[in-house]
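Dropping the structure in here first, questions after.
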Amino acid sequence: MSKDALQDWELISGYIHKELTISEEEQHHKLLADKNYQRNFKGTQKINNSLKRVFISKKSHKNKSWNNIQSQISKNKVRSFAYKLSRYAAVIILTLASTFLINHYSKKVSAQQTYAEIEILPGQTGHLFLFDGTEVWLNSDSRLKYPNTFNKSNREVILSGEAFFKVTPNKSLPFIVKSKELQVQVLGTSFNISAYDQDQITEVVLVEGKVQLNNSNGDKLVNLAPGEMASKKVKNRVVVQKINPEKYISWKDGKISFQAETMGNIAKKLERWYNVRILFQDEQLKSLNFSGTILRNKPIDQTIMALELLAPIQFEYKVIPDAVNIITIKRKHN
Amino acid sequence: MITHSKNDHQTWLAIVDGDVKALKTLHDKYYPQLWHWAKQLTSDEAVAKELVSDCYIKLWENRKHIFINKSVKSYLFSMVRNQVLSHLRKSKQIKIVNYEELPEVLFFEEDDNDEFYVALHKALKKIPIQRRQILELAVFDSLSYAQIAEKLNISTNTVKTQISRSYKFLKEELSHKHLILFNLLQQKQNTII
């Protein structure tokens with residue numbers, strides 16, 4: 001059997017593409033005893049496997065796609081978040097956190113449950129997918145824990161801080177977010193929950209779908225409809241009111257809107273997002289009211305400068321090496 | 001296997017740091033497979049291109065706010081999967097689509113042997129267009145000889161001989177060295193697993 005005989009190649013190709021008749025197949029199997037034929041056959045198999053990839057690569061017009069992406073990117077230049085130092089810190093922390101996640105075993109290991117925990121530091125935000133496809137946006141200074149059995153026997157997560165959830169529908173496994181004061185139970189929906197330990201209030205905003213709120217023991221409190229917010233102060237009852245959800249969830253798109261918000265509350269939020277401490281020279285300054293939108297990717301001094309234009313305040317920025325920087329807000333002297 | 005997720009991780013860190021070249025690396029590595037998968041599900045080449053490209057743009061724009069808890073590859077995959085899902089739901093092609101019902105993306109074996117693919121790509125270019133087209137229809141579109149014959153208005157026998165000639169040519173073009181090297185690496189991969 002000459003290795004140049006086209007008939008050999010027809011058999012090889014035919015076998016690979018499943019085009020041989022039964023007698024042709026028998027011929028092929030007999031020929032495999034010939035070393036030359038066998039080599040050609042194996043080589044062709046490998047080529048065939050690789051060809052698929054080459055064709056996919058070619059037909060995907062990879063280069064065109066990249067050119068398109070590149071031009072889009074240069075149009076919307078993303079400004080760096082806050083200061084260089086915190087930018088590198090973000091990279092390091094994200095790396096550490098991800099290895100932590102792989103190796104982590106919770107201290108309180110109950111039965112077969114181990115937990116993975118994601119921590120987002122002040123000044124950072126996070127975005128991730130859970131194993132069932134649920135999207136989670138985490139705001140600064142927030143912690144999310146979920147068990148290794150997630151999406152198997154249950155879909156329960158533990159939150160401290162603030163997160164926006166876009167939950168994958170699954171009727172057989174309700175999604176439950178547990179925070180200190182409230183539990184949110186959903187089948188599939190989008191909602192925001194703010195449950196910072198330091199705040200005395202927990203707020204749940206429903207954008208889409210339906211949720212059931214329970215207390216920390218799991219007893220049902222109330223159902224929420226889209227456009228409603230439930231707030232619970234510690235030791236108080238849950239209060240439900242109609243609101244505009246956009247105001248409460250815009251943080252995940254990098255902007256925060258305030259409507260007649262006190263300087264004291266704004267300061268608390270700014271402390272978290274930019275990882276600074278804000279002190280007031282005069283307690284009365286805390287009750288000044290502001291309305292407006294802040295873009296998170298602007299450095300904090302720009303934000304405060306904007307606020308200075310709107311009220312009789314001025315600020316002083318102190319850089320503390322190896323610690324959180326301090327901003328002091330004073331009354332403006334004219 | 002381990003070395004590759006480490007490489008991806010380095011690439012991701014560079015992306016977070018603002019290195020566009022790193023994004024290109026990630027793009028060139030996974031875009032074709034993600035596109036092919038999205039195309040099979042949406043049955044639309046152009047839509048698939050847009051969906052996957054958008055994911056890369058989003059990945060870049062949000063790079064400082066994204067927490068990668070498994071691997072960049074899985075994250076990308078999840079992004080594309082979600083986009084495909086919402087597209088299918090919107091276009092009402094499928095009534096209720098569950099996340100788990102979508103088939104897994106077929107990721108190619110990591111190409112340890114770039115040399116081989118480059119050589120194959122080069123050799124392929126040397127094949128005349130008509131003959132290459134026949135090969136493409138057989139390999140990429142998985143058409144039978146008869147289907148190809150009908151599509152191009154030629155005889156089945158012609159299809160058979162053209163395909164055979166292509167393989168013969170490719171095998172001879174790709175030197176012995178390339179195929180041996182590829183062979184060895186395949187074996188190596190198998191023993192690690």
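Computation of the quantities below employed the complete heavy-atom set of this structure, encompassing side-chain atoms and omitting hydrogens, waters and symmetry-equivalent molecules. Order of the sequence lines fixes the chain letters, A, B, ..., with proteins taken first and strands second; residue numbering starts at 1 for each chain.
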Fill in: Closest non-hydrogen atom pair between B/Y75 and A/L128, with its separation
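Heavy atoms only, the tightest pair is CE1-CA, 4.3 Å.
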Worksheet item: A/S13 and B/I163: which non-hydrogen atoms are nearest, and at how many Å?
Response: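 Smallest heavy-atom distance, with atoms named: CB-CG2, 4.0 Å.
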Discussion item. If you compare all heavy atoms of B/K171 against all heavy atoms of A/R39, which two are closest, and at what distance to 0.1 Å?
Written reply: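 It is CE-O, 3.6 Å.
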Fill in: Minimum heavy-atom distance B/V139-A/N48, with the two atoms named
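So the two residues come closest at CG2-ND2, 3.9 Å.
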Fill in: Heavy-atom check, side chain of B/W60 versus side chain of A/Q72, under 4.5 Å
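Side-chain contact under 4.5 Å: no.
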Practice prompt. Measure across A/I56 and B/F140 and return the closest heavy-atom pair with its distance rounded to 0.1 Å.
Written response: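 Taking A/I56 first and B/F140 second, the nearest heavy atoms are CG1-CE1, 3.4 Å.
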Worksheet entry | chain A contacts, top residue of B/E45, B/R165, B/K39, B/K49 (heavy-atom pairs, under 4.5 Å) |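 Looking at each of B/E45, B/R165, B/K39, B/K49 in turn, B/K49 comes out on top.
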Worksheet item: So do A/K59 and B/E136 actually touch side chain to side chain, heavy atoms under 4.5 Å?
Response: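 They are in contact (side-chain heavy atoms under 4.5 Å apart), so the answer is yes.
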Worksheet item: Side chains of B/N82 and A/E135: closer than 4.5 Å at any heavy-atom pair?
Response: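 Result yes, sub-4.5 Å side-chain heavy-atom pair found.
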Worksheet item: Pick from B/D54, B/L135, B/T156, B/V52: which one has the most heavy-atom pairs with chain A under 4.5 Å?
Response: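 The option with the most such pairs is B/L135.
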Worksheet entry | Neighbour count above 12 (heavy atom, 6.0 Å) for B/E150 CD |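 Atom CD in B/E150 is not packed in, count stays at 12 or less.
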Discussion item. With a 4.5 angstrom heavy-atom cut-off, is it the side chain or the backbone of A/E10 that approaches chain B, or both, or neither?
Written reply: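 Both backbone and side chain of A/E10 come within 4.5 Å of chain B.
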Donor-acceptor list for residues 20-28 of chain B side chains, cut-off 3.5 Å, not counting sequence neighbours:
from	atom 1	to	atom 2	distance (Å)
B/K24	NZ	B/D28	OD2	2.8
B/T25	OG1	B/K21	O	3.0
B/H27	NE2	A/S65	OG	2.8

Can you give the donor-acceptor pairs under 3.5 Å from side chains of residues 121-131 of chain B to other protein atoms, not counting sequence neighbours?
from	atom 1	to	atom 2	distance (Å)
B/K126	NZ	B/E173	OE1	3.0
B/R131	NE	B/Q162	OE1	2.9

Discussion item. Just so I know, are the side chains of A/S60 and B/H36 near enough to count as touching, which here means a heavy-atom distance under 4.5 Å?
Written reply: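 They are not in side-chain contact.
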Worksheet entry | Closest contact, heavy atoms only, B/Y117 versus A/S50 |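 Taking B/Y117 first and A/S50 second, the nearest heavy atoms are CE2-CB, 3.4 Å.
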